[in-house]
Participant: 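Handing you a structure now.
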Amino acid sequence: MKKFALTMSATVLSATMILAGCGSSNPSNTASNAGGNSAKSGGKTLIFGRGGDTVTLDPANATDGETFRVTDNIYETLVADKPGTFDVKPGLATDWSASKNGLKWTFHLRKNVKFQDGTPFNADAVVFNFNRWMDPQNPYHKGDFEYFTNMFGGFKGNPKAVIKDVKKLDDYTVEIDLAHPSAPFLADLTMAAFSIASPADVKKYNGDIKDHPIGTGPFKFVSWKPNDSITLEKNPSYWDTGKPKLDKIVFQVIKDNKARLNALQAGQIDIMDGLNPADVPTVKNDSNLQLFTRPSNNVGYLAFNTQKKPFNDPRVRQAINMVVDKKALIDAFYNGMAVPAVSVLPPSMWGNDTSLQDYQVNIQKAKQLLAEAGYPNGFKTDLWAMPVARPYMPQPEKIAAALQADMKKIGIDAKIVTYDWATYLKKTANGEHTMALLGWTGDNGDPDDFLYVLLDQDNANPPAQNIAFYKNPEVHKLLVQAQQETDQNKRADLYKKAEQIILKDAPWVPLVHSTPPMAASKKVTGFVPSPVGSDILTNVDIK
Amino acid sequence: MLSYTLRRIGQLIPVLFGMSIVVFAIIHAIPGDPAQVILGEKATSESIHNLRQQLGLDQPLYLQYIHYIGQLFHGDLGTSLVTQRPINQEIVPYLAATAELTLFSMVFAIVIGVNAGILSAWKRNTWFDYAAMIIALVGVSMPIFWLGLLEQWLFSLQLHWLPVLGRTNPRDPVTSITNLYLLDTLLSGNLQQFWSVVRHLILPGVALGTIPMAIIARMTRASMLEVFKHDYIRTARAKGLGEFWVVYKHALKNSFAPVLTVIGLQLGSLLGGAILTETIFGWPGVGRYMFDAIGNRDYPVIQSGILVLATIFIVVNLIVDLLYAYLDPRIQYK
């Protein structure tokens, strides 16, 4: 028995060495965990299961949804989206107006709002944040501020920059001067990347607030265990009295979709994102669960490389459009949680031309078009499929196989090719593909964020986001005109014209706009899924 | 013994150094650009370029390696490309989580495995022996992921006896002191939390420990049977010593050296099995940490993680060797 005890103590000893070897340093985020206990007693805690961790808690330096999902509950923006839609409503600004030429925007700020560190929210704070984002000389301008440059043309000094100046008119009024009119300007300001952070906090951490977020939002940051969980707790001095209803939120990372559903069924989490469409029936059959769907704000597509033979011929592209059975794809791979795509724009978005007539499945006509283009017996080509599931493409390789079978009907022999995700993105951006599957999720509810980004000639130079390398001067003219037009009805008309031309030119087979499913315990009330994927949980309660 | 120990420790340095070169070379041969993975499908080429520059990925490989080794000599494992946090700090909770899981499963494997092996040898050719060896055979051939999913389905989703995943109940978070939650909850005197941590450990611990348990049981049985043949056992019995003492005192000591080797090797291989178990059971351990790092092409984390794991592996083997020498003094070290 002595030897047995010896083995045991050896095992324990080696474990101690493992830990000793790593030093006794306590990570900062674990140290702050002690605060987690204070909210423990008798509070309402919501556990939100998700597939990935947050990258940073500084939204101005983020581009990923898992970051915004958390920061949207800590910070607020000047203007916000109405829950579940892209309609702009007041946020930290109660009302606003634009000058006639669209160059001067005046925002009246909400009074009696405090940051979570107790400092007041006012015009100075807004000016401070804009200067931090837009001015590369600003001492707190640390990071890429990628969404700022994407949305507003560039930093101060860049000839394309949209924002010229941000001024304080009085303590609760701010004026933003634009260099040229920008139609999506207001919609852009709803984006999480333009959340207003506490200037005192930014100064305290010298511009690096990725671990120290302080905003005006309904919840305040407690702790972050990387790749495991982020805990927020109720902001007791939130300006909207009586809210939020929850005392605590824990964003729990559970990588695997199926494991996450298991955790939900076992009651270990209360709500989950990233439900496999195939698991929708399981949720429907479980009397303890409820199903949610996100409003469609994405497009999954098959892009042709229009600069490469034989896809430089529109007849070939049209022919392939005539063999793809979108309904069958939706039934097989999306469990019905998607609508067939005709245009680039999701159906709920303004500017969508609902009168567009999609190509009908017609094998004979497709064969005829191919013959006219000089390929009576079809041809051999590659079909690129991405290696990872995305909300707009839950099973990319199986979808590719279905498309392959469809194309076989007209003699096109497509070999399925795939790479790891990073390589895939790089190679498609460089135009190495012939046909490739990809998709896009919108950021701000503006058609410009789909049409200009994905199909304008400005974005068709490698590394391109327009991976069809589609260049049509007429479409370009319409899209640029629409960017500078401030009347939404006139803009919608311009977009509709562009959509008609695009449909005819067929640089893509637009496949689907998916409505990604989510599941929650029946105890969760007041949850409204956001189309951008970052749900603000102010009104959520748990029974 | 002392000089042997020192020599063995001295040997670690060239091994680790050689391994750092091999790991560095292999990792950088994996296709895929970390900057692209970090920034995702919406990244512009300009921001990818900037990030590469910022992360030092635009420098020649040998410079990157020299820089990395320089950091290591200062006890710095580097900074994660994705989280921008020092790996020294970041890896501790993950290692602790894995240590707790592997120790738990090892205790399970040793306690059940050794005793099942002893009893099987003792009661050779009885129903117990047959049953135990059939269970061991099934256990050794059952894939971890399959056993894990089966356990989850039965004990969590159907019977609701045990939690389906995670290390602790997020509604009642454990206050970290050592990051070993069993210890932490005992230190803070919270027995309810301690019990919750134990309940979270059972399913992954059993899934991970089943294969080593089966191997240890078979090894112990074989080794004991071998020892039973010796004269001194017959002498012990002839002296009128009780069967229990014959088995547990005389036979066990001499049959334990090969079992110990197996235990040491299994402890090493548990680190590999931990990746699967941690994935299935949402266990925030070092296996999953590394797995994610590989997906993200987070070079520094992969490099340093492998180095840390290799060091642990080597240290465990060293301890096993030293114990071996203690158990069987006939072994000579030169």
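Each chain gets a letter, A, B and so on, in the order the sequences are listed, and its residues count up from 1.
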Participant: Establish, yes or no, whether a centroid distance under 6.0 Å links the rings of B:H200 and B:Y181.
Facilitator: no
Participant: Can you list everything that forms a side-chain hydrogen bond (donor to acceptor under 3.5 Å, both in side chains) with A:T67? Sequence neighbours excluded, please.
Facilitator: A:D64
Participant: Counting only heavy atoms closer than 4.5 Å, note whether B:R288 contacts chain A via side chain, backbone, both or neither.
Facilitator: side chain
Participant: Does the B:S105 side chain pair with the main chain of B:T102, one donor and one acceptor, at a distance under 3.5 Å?
Facilitator: yes
Participant: So for B:L157, is it side chain, backbone, both, or neither that comes closer than 4.5 Å to the heavy atoms of chain A?
Facilitator: side chain
Participant: With a 4.5 angstrom heavy-atom cut-off, could you sort out which part of A:K426 is near chain B: side chain, backbone, both or neither?
Facilitator: both
Participant: I'd like to know if the side chain of A:Y147 pairs up with that of A:D443 as donor and acceptor (distance under 3.5 Å, no hydrogens or angles considered).
Facilitator: yes
Participant: Where does B:L149 contact chain A at under 4.5 Å (heavy atoms): side chain, backbone, both or neither?
Facilitator: neither
Participant: Check whether any side-chain N or O of B:N88 sits under 3.5 Å from a backbone N or O of B:D76 as a donor-acceptor pair, and report yes or no.
Facilitator: no
Participant: Picking from A:D53, A:D228, A:T428, A:V453, which has the most non-hydrogen pairs under 4.5 angstrom with chain B?
Facilitator: A:D228
Participant: With a 4.5 angstrom heavy-atom cut-off, could you sort out which part of B:Y94 is near chain A: side chain, backbone, both or neither?
Facilitator: side chain
Participant: Return the orientation label for the A:Y424 and A:W384 ring planes: parallel under 30°, perpendicular over 60°, tilted otherwise.
Facilitator: tilted
Participant: Whether the A:Y452 and A:D458 side chains hold a donor-acceptor pair (N or O, under 3.5 Å, no angle test) is what I'd like checked.
Facilitator: yes
Participant: Could you verify whether a donor N or O on one side chain and an acceptor N or O on the other, from B:D184 and B:T178, lie under 3.5 Å apart?
Facilitator: yes
Participant: Let me know if A:Q252 has heavy atoms under 4.5 Å from chain B in its side chain, its backbone, both or neither.
Facilitator: side chain
Participant: Taking side chain as everything from C-beta outward and backbone as N, CA, C, O, which of these in A:I269 sits under 4.5 Å from a heavy atom of chain B? Side chain, backbone, both or neither.
Facilitator: backbone
Participant: Please flag which part of B:H49 lies under 4.5 Å from any non-hydrogen atom of chain A: side chain, backbone, both or neither.
Facilitator: neither
Participant: Please look at A:N262 and chain B and tell me whether the side chain, the backbone, both or neither of the residue comes under 4.5 angstrom of a heavy atom of that chain.
Facilitator: both
Participant: Below 4.5 Å, heavy-atom pairs only: which of B:G282, B:P284, B:A97 has the largest tally toward chain A?
Facilitator: B:P284
